Amino acid sequence: MSTTASDPLATLGSLPGVPDAVDSVRKAVDRVYGHRVMRRRSNEVTAEAALRGSRGSAALAGADWNLEEVRRRTDFSGEDEARTVGAALRLTAEAGQLLSIWRQSPLRVLARLHLVAAGGAAPDDAVGRPRLAGEPVDEPLIEAPLPGADEVAGRLEGLSQLIIAGTAAPALVTAAVVHGELLALRPFGSHNGLVARNAERIVLIGSGLDPKSICPAEVGHAEQGRAAYVAAFEGYTTGTPEGLAAWIAHCGRSVELGVRESTAVCEALQRGAA
């Protein structure tokens, strides 16, 4: 993050194009929340959004499974892709339990998310803590230079303090920065993308933008494709106003695509087809 203002997240909200992205997301979210199905069957929409969001996040992590396969499968042990899908599902299920803790201790939440994602797949002493100097990172999608352990610790602490202090920034901006910063740092030895996308989800829910968790940004990130995701993230890592604005806009578009997905679920429920 390149700004040093007293509320740096809020200053990002005024970057060119970002107010339009924020407004577009808010209008899209308001529309799906106003759907008549949400008055009676919001729990079903939430459950379906969670499933589809998990599938999208796993796809970005290299396990691009058909939705019906994710729905049908009960055993997520064995091959790498199955474990990735299982990790994504566990993380999504965990998100709602961590909202109150996030506001007081983001680092504790991130540790818990990594523990849930790893699910015993990593060495015990490497799970749930930021990586130490010299420890490898398994994150094949992201090829940006890997910050050292000391830089990771400092930037994680800075991000945590921003969240605890609160911000006037729109929820989209905060969620995008949390997501981008965690991808840039890759603080854990594994599952960093899954954790980053789940942290984005927690911010969107906890901010009140998407309190019922029916607007899965992970769906939109996957729909836009891995190449677009990486390109937008590379803009974030430049720290330039243009790069940061492009990343925030990409995250906004992802939320809107998640809204479109849940709107289709609402329509299907209304027709009795789901």
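In this text, all values refer to a predicted model and were calculated from it rather than measured experimentally.
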Should R52 and E261 count as an ion pair when the cut-off is N to O under 4.0 Å?
yes
Any chance you could lay out the side-chain contact (heavy atoms from CB on, under 4.5 Å) test for Y33 and I214, step after step, and finish with the verdict?
CA-CA 9 Å; Y33 270 84; I214 62 167; 3.6 Å; yes
Measuring only between side-chain heavy atoms, which start at C-beta, is L162 closer than 4.5 Å to V177?
no
Apply the test salt bridge (charged side-chain N to carboxylate O under 4.0 Å, His left out) to residues R71 and E48: give CA-CA distance (whole Å), side-chain angles for both, the deciding distance (0.1 Å), then the verdict.
CA-CA 10 Å; R71 195 191 306 280; E48 189 64 21; 2.9 Å; yes
Point-to-point distance, once rounded to the nearest 0.5 Å, from CG of L183 to CG of L141:
8.0 Å
Is a side-chain donor or acceptor of T237 paired with a backbone partner of E234 at a separation under 3.5 angstrom?
yes
same_hphob_cluster(V32, L257) at 4.5 Å side-chain heavy-atom cutoff
no
Using the side-chain contact (heavy atoms from CB on, under 4.5 Å) rule, take S190 and H114 through it: C-alpha gap first, then chi angles, then the decisive distance, then the call.
CA-CA 8 Å; S190 63; H114 186 245; 3.3 Å; yes
Measuring only between side-chain heavy atoms, which start at C-beta, is V25 closer than 4.5 Å to R253?
no
When you measure from the side chain of R131 to the backbone N and O of R186, does any donor-acceptor pair fall under 3.5 Å?
yes
Backbone N or O of P19 within a donor-acceptor pair of the D23 side chain at under 3.5 Å?
no
Please say yes or no: joined through hydrophobic side-chain contacts below 4.5 Å, possibly via intermediate residues, are L9 and I164 part of one cluster?
no
CG-CZ distance between L113 and R108, expressed to the nearest 0.5 angstrom:
12.0 Å
Might you point out which heavy atoms bring L156 and P187 nearest each other, and give the distance in Å?
CD1-CB, 3.8 Å
Considering all heavy atoms of both residues, which atom of A171 and which atom of L209 are nearest to each other, and what is their separation?
CB-CB, 4.0 Å
Do R103 side-chain atoms and G206 backbone N/O form a donor-acceptor pair below 3.5 Å?
yes
If two hydrophobic side chains count as joined below 4.5 Å and joins carry through other members, does V152 share a cluster with L132?
no
W65: which other cluster members, linking ILVMFWY side chains closer than 4.5 Å, directly or transitively?
L51, L67, V70, F76, V85, L89
More than 12 heavy atoms from other groups under 6.0 Å of CD on E143:
no
Non-neighbouring partners of S160 that pass side-chain hydrogen bond (donor to acceptor under 3.5 Å, both in side chains), sequence neighbours left out
none
A149 versus A133, closest heavy-atom pair with distance
CB-N, 3.5 Å
Just verifying a value: how many Å separate L244 CG and T238 OG1, rounded to the nearest 0.5 Å?
6.0 Å
Side-chain cluster (under 4.5 Å, hydrophobic types only) that L146 belongs to, other residues
V137
One should read off an interatomic distance between K212 NZ and N43 CG, to the nearest 0.5 angstrom, of 7.0 Å
Contact check, side chains of L110 and W102, non-hydrogen atoms, under 4.5 Å:
yes
For residues L172 and C251, report the shortest heavy-atom separation together with the two atoms involved.
CD1-C, 3.9 Å
Ion pair present between D80 and R83, side-chain N to carboxylate O less than 4.0 angstrom?
yes
Rounded to the nearest 0.5 Å, what separates atom CG in L194 from atom CG in L182?
12.0 Å
Any salt bridge between R73 and E81, counting N to O under 4.0 Å?
no
Once rounded to the nearest 0.5 Å, what's the spacing between atom CD1 of I163 and atom CD1 of I202?
10.0 Å
Is there a donor-acceptor contact under 3.5 Å from the side chain of S54 to the main chain of A50?
yes
Using only atom types and a distance under 3.5 Å, with no angle test, would you say the side chain of R129 pairs donor to acceptor with the backbone of V127?
no
Non-hydrogen atoms of A217 and S254 that approach each other most closely:
O-CB, 3.5 Å
Do S262 and P216 have side chains that approach each other closer than 4.5 Å (heavy atoms only, starting at C-beta)?
yes
Paired with S57, the side chain to side chain donor-acceptor pair (under 3.5 Å) test is passed by just one of H221, R197, R201, namely R197
Working note: E267 + H35, criterion side-chain contact (heavy atoms from CB on, under 4.5 Å); need CA distance, chi angles, decisive distance, verdict.
CA-CA 9 Å; E267 294 294 328; H35 197 287; 2.7 Å; yes
Is a donor on one side and an acceptor on the other found under 3.5 Å between the side chain of T92 and the backbone of A88?
yes
Flag yes if L185 and V203 sit in one hydrophobic cluster, no otherwise; membership is Ile, Leu, Val, Met, Phe, Trp, Tyr, and two members link when side-chain heavy atoms are under 4.5 Å apart.
yes
Between V37 and C266, which heavy-atom pair has the shortest distance, and what is it?
CG2-O, 3.3 Å
Pair R90 + E94: basic N to acidic O under 4.0 Å
no
Shared hydrophobic cluster, W247 / V255 (ILVMFWY, side-chain heavy atoms < 4.5 Å):
yes
Take N198 and V116, measure what side-chain contact (heavy atoms from CB on, under 4.5 Å) needs, and give me the verdict at the end.
CA-CA 11 Å; N198 207 68; V116 169; over 6 Å; no
Establish, yes or no, whether a centroid distance under 6.0 Å links the rings of H179 and Y229.
yes
